[in-house]
Amino acid sequence: MVRRRRAAPALLALVLLAAGDVRGASGAAGRHVPESAREYLARALDVMQERSVHRNGIDWPRVRRDAHARAASARTPAETYPAIVAALTDLGDHHSSFLTRTEAEITLGGTEDADAFAGLTGRRLPGAVGYLALPAVVGSPKTLDRYVRQGRAAVKDAEREGAACGWILDLRQNGGGNVWPMFAVAAPLLGEGAVGSFVFPDGSRTPWYVKNRRPGLNGEESPWGPSDPVGTPDPAVAVLTDGGTASAAEALLIAFKGRPNTRTFGSATYGVPTGNDGFPLSDGAVINLTTALDADRGGRTYDRAVPPDVEVPTFRPDIGTDRDEPLRAATGWLTGRAPCRQG
């Protein structure tokens with residue numbers, strides 16, 4: 001799955017790379033490669049060298065030399081794809097990927113199937129605890145709009161019988177995608193103000209924030225408007241994670257780091273808490289490149305799996321059943337705290 005995370009300048013748009021000079025000679029290995037293929041590969045390498053999160057620590061002459069050697073028999077831009085994929089692997093961020101034009105159109109087009117967000121649910125648990133499960137999401141603006149509508153309706157479902165005294169946010173098996181619809185649903189739980197940032201290799205930061213229960217990035221607010229408030233202001237929140245919590249879901253988790261009255265349960269995340277941008281190439285293929293690290297509201301950056309505050313083994317078949325130990329542990333923590341605590 002493509003995990004489009006950061007968008008600039010628009011929250012939901014791909015980043016378009018302006019045409020630049022082709023740097024680095026292809027060397028003897030590419031001497032007989034047609035100019036169209038050679039320049040296509042060189043442009044892809046330019047994108048990586050200019051924007052990779054690890055750009056300051058990579059041996060670029062070697063990466064370029066190896067890429068051109070791998071593409072020595074290429075006769076068309078499409079025949080350089082394996083060399084581009086290998087170069088992205090050489091970056092070592094474990095998050096960058098390459099999409100052909102067809103793959104990009106399918107991924108960004110999304111789906112309108114009625115059950116596309118079957119895992120996006122909200123309900124009331126015993127003890128007046130609210131439960132909200134957020135799955136992955138990626139796709140067209142129409143798909144993202146539907147996710148936000150369904151997610152906000154799920155929050156209302158959890159409070160249909162009255163205000164929840166505290167909340168469980170379940171991010172298990174959420175493989176990522178586009179973080180902003182997730183933020184738009186979870187905004188009433190995150191609280192107001194700065195909640196994190198993207199941090200770039202030059203040290204600059206692009207802040208994430210919530211204003212009037214509406215998420216924003218670097219001064220630009222999301223297109224979905226403010227969420228309704230939850231019944232209990234600034235409630236206690238327990239966040240559930242496992243090894244399937246990745247990318248955009250890790251960003252949302254990190255946004256809860258440092259929030260008062262918050263605790264995480266389950267197991268460590270997948271380990272790609274980084275921001276990706278999409279860079280279209282001339283034939284419609286897209287380099288989905290890792291360009292930034294995620295940072296929490298206290299400024300700490302993350303570049304590997306994020307462990308929970310309370311380790312509780314997660315077994316995927318048990319999720320949502322009466323054998324769901326992380327859910328049980330989170331519920332116990334919440335019901336022991338005011339206002340959930342009885343008596």
Side-chain angles (χ1 to χ4, degrees), residues 1 3-7 11-12 110-112 114-125 129-160 163-164 166-193 195-196 208-217 220-241 244-257 259 262 264 294 297 320 330:
M1 175 181 293
R3 302 182 179 109
R4 288 178 58 231
R5 296 275 309 291
R6 187 180 69 87
L11 284 175
L12 303 176
T111 176
E112 303 306 324
D115 62 349
F117 303 124
L120 206 174
T121 59
R123 66 180 187 271
R124 190 180 185 87
L125 301 180
V129 171
Y131 173 87
L132 175 66
L134 295 182
V137 58
V138 67
S140 67
K142 186 175 181 179
T143 299
L144 305 184
D145 289 346
R146 188 161 52 86
Y147 184 99
V148 173
R149 289 196 304 271
Q150 184 177 334
R152 289 177 171 176
V155 174
K156 290 180 180 294
D157 288 342
E159 295 201 309
R160 197 170 299 280
W167 285 85
I168 294 173
L169 176 63
D170 196 343
L171 299 180
R172 292 176 296 179
Q173 297 301 306
N174 181 332
N178 192 314
V179 73
W180 302 112
M182 300 179 203
F183 268 59
V185 175
L189 305 181
L190 279 166
E192 298 288 300
V195 297
W208 319 330
Y209 62 90
V210 175
K211 182 179 180 181
N212 297 323
R213 303 178 307 282
R214 182 180 184 181
L217 173 72
E220 183 180 358
E221 296 179 357
S222 77
W224 296 294
S227 300
D228 290 335
V230 291
T232 301
D234 301 318
V237 177
V239 184
L240 305 183
T241 65
T245 306
S247 187
E250 289 175 294
L252 182 54
L253 164 66
I254 287 167
F256 278 93
K257 289 288 188 179
R259 178 189 180 275
T262 303
T264 61
D294 294 346
R297 59 185 74 195

message = Determine whether Trp208 and Leu252 satisfy the following criterion, side chain to side chain contact (heavy atoms under 4.5 Å, CB included), listing intermediate values before the conclusion.
response = CA-CA 10 Å; Trp208 319 330; Leu252 182 54; over 6 Å; no
The salt bridge (charged side-chain N to carboxylate O under 4.0 Å, His left out) partners of Arg214 (sequence neighbours excluded) come to Glu221
Separation between OG (Ser227) and CG (Leu190), nearest 0.5 Å, reads 10.0 Å
task = Please step through salt bridge (Lys or Arg N to Asp or Glu O under 4.0 Å) for the pair Arg160 and Asp157, ending with a clear verdict.
result = CA-CA 5 Å; Arg160 197 170 299 280; Asp157 288 342; 2.2 Å; yes
Sorted by chain and residue number, the salt bridge (charged side-chain N to carboxylate O under 4.0 Å, His left out) partners of Asp234 (sequence neighbours excluded) come out as none
When rounded to the nearest 0.5 Å, the distance separating CD of Glu250 from CG of Asp294 is 8.0 Å
From the list Val155, Ile168, Asp170, side chain to side chain contact (heavy atoms under 4.5 Å, CB included) with Leu132 holds only for Val155
Using side-chain heavy atoms (C-beta onward) and a distance below 4.5 Å, is Trp180 in contact with Pro223? no
* In sequence, state the C-alpha distance, the side-chain angles, and the governing distance for Trp224 and Arg149, and then conclude on side chain to side chain contact (heavy atoms under 4.5 Å, CB included). => CA-CA 9 Å; Trp224 296 294; Arg149 289 196 304 271; over 6 Å; no
With sequence neighbours left out, the residues meeting salt bridge (charged side-chain N to carboxylate O under 4.0 Å, His left out) with Lys211 are none
Between Pro188 and Val185, the two heavy atoms sitting closest are CD-O, 3.3 Å
Using a 4.5 Å cut-off on heavy atoms from C-beta on, say whether the side chain of Leu120 contacts that of Val137. no
One should read off an interatomic distance between Thr245 OG1 and Gln173 CD, to the nearest 0.5 angstrom, of 7.0 Å
Could you tell me whether the side chain of Tyr147 and the main chain of Val138 form a donor-acceptor pair under 3.5 Å? no
Is there side-chain contact between Leu169 and Met182, with at least one heavy-atom pair below 4.5 Å?
no
Nearest heavy-atom approach of Gly130 to Ala158 is CA-CB, 4.3 Å
Result for side chain to side chain contact (heavy atoms under 4.5 Å, CB included) between Phe256 and one of Leu171, Thr264, Leu189, Val195 points to Leu189
Could you tell me if the side chain of Glu159 sits less than 4.5 Å from the side chain of Trp167, heavy atoms only?
yes
Heavy atoms of Gly191 and Val210 approach each other most closely as O-CB, 3.2 Å
Determine whether a donor-acceptor pair (N or O, by modelled atom type, separation under 3.5 Å) exists between the side chain of Ser247 and the backbone of Gly175. no
Distance col, row Thr262:OG1 vs Leu253:CG, nearest 0.5 angstrom, shows 10.5 Å
Nearest heavy-atom contact between Glu220 and Tyr209 is N-OH, 3.5 Å
